[in-house]
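Start at 1 and go down the list; that is how both ligands and their atoms are numbered. Starting from 1, each residue takes its place in the sequence as its number.
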Amino acid sequence: MSISQAIIAKTFKYGAHNYHPRDVVFSSANGVIVTDPEGKEYIDMLAAYSSVSLGHRHPEIIETAKAQLDKVTLSSRAFHNDMLADFFEKLCEITKMEKILPMNTGAEAVETALKTARRWGVDKKGVPDGMQEIIVCKRNFHGRTISIISFSSDAKARRGFAPFTPGYTAIDFGDAEALEAAITPNTVAFLVEPIQGEAGIIIPPAGYLKKVREICSRHNILMIADEVQTGFARTGKMFATWHDEVQPDMFIMGKALGGGIMPVSAIASTAEIMSVFEPGSHGSTFGGNPFACAIALKTMEIIQRDNLAQQSAEKGAYFMKKLEGLNNPDIKEVRGRGLFVGIEFHVNATPYVQALNHAGVLTKETHEYTMRFAPPLVITYEQLDKASEIIVATLNQKHTGAVL
Ligand SMILES: *Cc1c(COP(=O)(O)O)cnc(C)c1O
């Protein structure tokens with residue numbers, strides 16, 4: 001048994017089997033390159049679902065983290081700390097919003113958004129407490145808490161976890177008329193991913209979010225953009241919502257905000273909307289801790305300074321061009337925005353994912369049919385060339401096999 005095989009066996013022996021990882025073990029990583037215990041190198045074209053947008057262990061992030069470790073790491077919100085204010089200010093600037101509420105994981109930030117919307121509905125819109133309704137999209141992915149899976153359309157994510165949280169209605173993604181039709185006097189918000197990630201990089205029709213913005217404003221309901229995966233330059237704009245040149249009432253952020261080393265999440269909104277919170281109404285022990293804030297602040301500075309949004313747009317277009325070399329009747333469609341690219345298959349994508357991983361390019365299928373690429377935005381053109389060569393050569397061969 002190889003070292004990797006032994007690690008995988010032990011992981012399954014002692015760990016709950018709530019994931020089925022592909023059979024690659026990370027032992028060290030640097031930038032875009034991951035190394036396994038046997039010393040084999042891989043090009044990371046998944047980047048922890050966009051969390052590692054700056055690449056693994058970005059030197060400035062590691063330096064910032066080390067410096068902060070030598071200063072102060074945790075205050076709780078019982079006291080102030082000297083990193084939180086700068087983090088708030090920077091995140092307001094980047095999102096063009098007025099107020100921030102910090103959490104840790106994406107799901108916590110989504111929960112925070114749902115609470116904000118419900119309370120806003122009561123305090124500002126006059127909906128009776130307990131009657132608030134939130135509209136979501138079918139095939140969404142917003143996280144794993146009980147309330148969030150209450151409006152998931154993924155049977156696997158829901159089975160055996162009832163009773164669910166009421167107050168949600170699901171409509172088709174990309175259909176603005178369906179949104180208008182679903183609104184009732186008790187509707188307080190529409191929660192949407194500007195590009196559906198887990199569903200398979202589903203890009204809505206052009207102008208969809210513009211229409212959504214108009215409908216939400218006209219009916220006085222909050223437009224909430226879940227940019228946990230699409231935010232921070234992933235799709236070629238700082239936020240994917242901005243492809244339609246509209247501003248939501250709230251952004252939900254996570255993943256890349258933590259510089260690839262810490263869970264850092266937040267919601268950003270207007271002062272008016274955020275005013276629904278008073279002391280004691282919501283919180284998190286670790287949310288806004290100085291260690292996370294220092295890292296997130298540096299992350300945002302790097303994304304702005306290095307113009308990663310433009311880099312993502314340019315490199316994404318370059319990558320898509322390379323993928324024109326794909327020629328396999330099993331492939332249905334290649335689609336993407338910036339360095340957020342999906343290849344949809346007519347057949348289960350897993351054998352192709354496995355072949356690609358073994359050939360040295362890391363990716364993962366989302367649900368059954370779509371393979372996702374979301375490499376670090378700092379990937380070089382040489383690395384993109386090499387990855388593309390392997391992808392095209394591997395996917396142009398027929399791969400079948402056991403589906404795990
Ligand atoms: C990953 C993700 C989440 C959940 O984030 P966690 O940190 O895993 O809780 C929420 N929304 C979207 C769009 C995501 O991609």
### Message
Looking at W120, I'd like to know if the NZ or CZ of K115 sits under 6.0 Å from its six-membered ring centre while staying within 45 degrees of the ring's axis.
### Response
no

Kindly assign one of parallel, tilted or perpendicular to the pair [X] and [Y], based on the angle between their ring planes and the thresholds 30° and 60°.
X: H399; Y: Y352; answer: perpendicular
X: H282; Y: F277; answer: parallel
X: F373; Y: F319; answer: perpendicular

Can you name the atoms of ligand 1, numbered from 1 with element, that are less than 4.0 Å from a heavy atom of [X]?
X: E193; value: 13 (C)
X: D226; value: 10 (C), 11 (N), 12 (C), 13 (C)
X: Q229; value: 15 (O)
X: A107; value: 4 (C), 5 (O), 6 (P), 9 (O)

Rounding to 0.5 Å, atoms OG (S53) and CZ (F232) come to a distance of 10.0 Å

Look up atom 8 (O) of ligand 1 and tell me if a protein heavy atom lies less than 4.0 Å from it? no

For T350 and E365, test the side chains for any donor-to-acceptor distance below 3.5 angstrom and give the result as yes or no. yes

Checking heavy atoms under 4.0 Å, the part of F141 that sits near ligand 1 is both

Note: K255, heavy atoms under 4.0 Å from ligand 1, region reported as side chain

The closest protein heavy-atom partner of atom 5 (O) of ligand 1 is G106 CA, 3.3 Å

